[in-house]
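I have placed the structure first, in the form of structure tokens, so that the comments after it can refer back to it.
All values reported here derive from a predicted model rather than from experimental measurement. Positions are given from 1 along the sequence.
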Amino acid sequence: MQRRGISGSDEPAFAKIGATRYDLRDPYHLALTIGWGWFLAGVAGLYVGINLIFAVVYFLAPGSVANAQPGSLLDPFFFSIETFATVGYGEMYPANAYSHAVAGVEIVVGMAFTAIVTGLTFVRFSKPRAKVLYADQPVVAQLDGRPTLMIRFANGRMNVLSDASIRLSALVRSVSEEGHVFNRAVDLNLTNSRMAIFAMTMTIIHVLDEQSPLHGLTSQQMIDQGVRLFLTLEIHDPALGVMVRDLHYYRADQIAFGRRYADAVSRDDQGRTLADLRRISLTEPDLPKTQ
């Protein structure tokens, strides 16, 4: 089972005009939200760029770096790398007061760069993440004679999680008494919004009765109204000793009416309870069980 992340589909949950995904005025948020590939590429680009700038500064003053080849930018560049990393010098070293001053500034910049990159890398590694696997589709099936919306998810880690708290919200379209149409987010009541032990799988249940904002809506009506379901989880991970949080969303056209989840939990030959996470999204027609 491949987890799709926060959006729950290949399309974004929302689109905004006048907002940018990445804001260069907030480099800390940018460094923590971009992918690892872009982060490493950015660090490498800054590293090369800063050293290239200092190399040009040395290059503009011929003779400032001892034993550097005249007219060569490559030697000042490697000299800059050695200075930037404070690793000491080989055959090249500052030859006059100008290069000593520039090297002093570069050493300070290098230490600051190392400290910042180390801190950002640590924060990216240390952020606790929930490994939760979600069913590809919510289902609407009969449960105790009532239409019921159900969503199944599973603990993707080997260790047992605890104190799971779940909230399910829906983005629905409403019309005011004045005839104005607007979208609002409403909480959907769950019969099982908390779980003391989250070891294998869990299926949350929302009854589509008269109190439900989704009561009476067909699949097509949900699609026409642009209904979105948002599932938020807060779970304690004993291995990390912290609360981890996750968010997943579904579009209306992903909701499967008239189907229910097939069994994913069974017992093996040794009598142990066995959860097959490969069946987390498997559904079957909503038919009464035959005796």
Side-chain angles (χ1 to χ4, degrees), residues 1-13 130-158 161 164 166-172 186-195 197-209 212-233 235 246-268 272-291:
M1 171 58 59
Q2 181 179 3
R3 183 165 173 257
R4 293 179 177 176
I6 192 172
S7 66
S9 74
D10 296 332
E11 300 177 2
K131 187 179 180 181
V132 180
L133 308 178
Y134 298 90
D136 292 338
Q137 295 177 301
V139 297
V140 175
Q142 292 293 319
L143 182 64
D144 295 330
R146 298 179 297 179
T148 304
L149 172 68
M150 292 177 279
I151 300 177
R152 184 163 68 180
F153 50 93
N155 177 9
R157 298 194 184 277
M158 294 300 294
L161 305 179
I166 305 100
R167 292 183 62 183
L168 181 63
S169 303
L171 185 67
V172 297
V186 295
D187 288 336
L188 303 182
N189 293 327
L190 300 175
T191 62
N192 53 341
S193 61
R194 302 189 66 87
M195 175 180 277
I197 299 298
F198 182 30
M200 296 185 177
T201 65
M202 181 177 181
T203 302
I204 57 172
I205 297 172
H206 169 69
V207 180
L208 299 174
D209 55 14
S212 171
L214 305 179
H215 174 66
L217 294 181
T218 65
S219 176
Q220 188 59 48
Q221 287 173 331
M222 288 188 183
I223 295 174
D224 293 340
Q225 294 188 20
V227 172
R228 296 286 193 275
L229 299 178
F230 294 89
L231 179 62
T232 57
L233 303 177
I235 310 171
D246 202 21
L247 169 65
H248 198 76
Y249 103 96
Y250 294 98
R251 303 185 311 271
D253 59 356
Q254 292 176 291
I255 303 175
F257 280 72
R259 300 191 67 83
R260 64 171 57 248
Y261 293 120
D263 291 338
V265 178
S266 60
R267 289 187 177 275
D268 61 13
R272 299 176 303 179
T273 303
L274 177 66
D276 188 350
L277 302 188
R278 298 170 300 179
R279 297 171 60 90
I280 189 71
S281 298
L282 188 62
T283 63
E284 60 187 14
D286 181 26
L287 300 174
K289 288 286 187 180
T290 57
Q291 298 297 330

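- Residue-environment remark: CZ (R157) exceeds the threshold of 12 foreign heavy atoms within 6.0 Å.
- The side chain to side chain contact (heavy atoms under 4.5 Å, CB included) with R152 is formed by just one residue from the set L133, T203, I204; it is T203.
- Under 4.0 Å is where a charged nitrogen must lie from a carboxylate oxygen, and between D144 and R146 no such pair does.
- Separating the CE atom in M222 from the CG atom in D253 is a distance of 12.0 Å, to the nearest 0.5 Å.
- Just one residue in the list I151, I255, T148, T283 forms a side chain to side chain contact (heavy atoms under 4.5 Å, CB included) with V139, and that residue is T283.
- From L188, atom CG reaches atom OG of S169 across 6.5 Å, with rounding to the nearest 0.5 Å.
- For the residue pair P138 and Y261, the shortest heavy atom distance occurs at CA-OH, 3.4 Å.
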Trace of the side-chain contact (heavy atoms from CB on, under 4.5 Å) decision for L149 with L229: CA-CA 11 Å; L149 172 68; L229 299 178; 3.9 Å; yes
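- Paired with I235 under the rule side chain to side chain contact (heavy atoms under 4.5 Å, CB included), one option of V132, D246, I166 passes, and it is V132.
- The distance from atom CG of L282 to atom CG of D263, rounded to the nearest 0.5 Å, is 9.5 Å.
- Relative orientation of the H248 and Y134 rings is parallel, given thresholds of 30° and 60° on the angle between their planes.
- The shortest non-hydrogen separation linking A262 to R279 is CB-NH2, 3.8 Å.
- Between F198 and A154, the closest heavy-atom pair is CZ-C, 3.5 Å.
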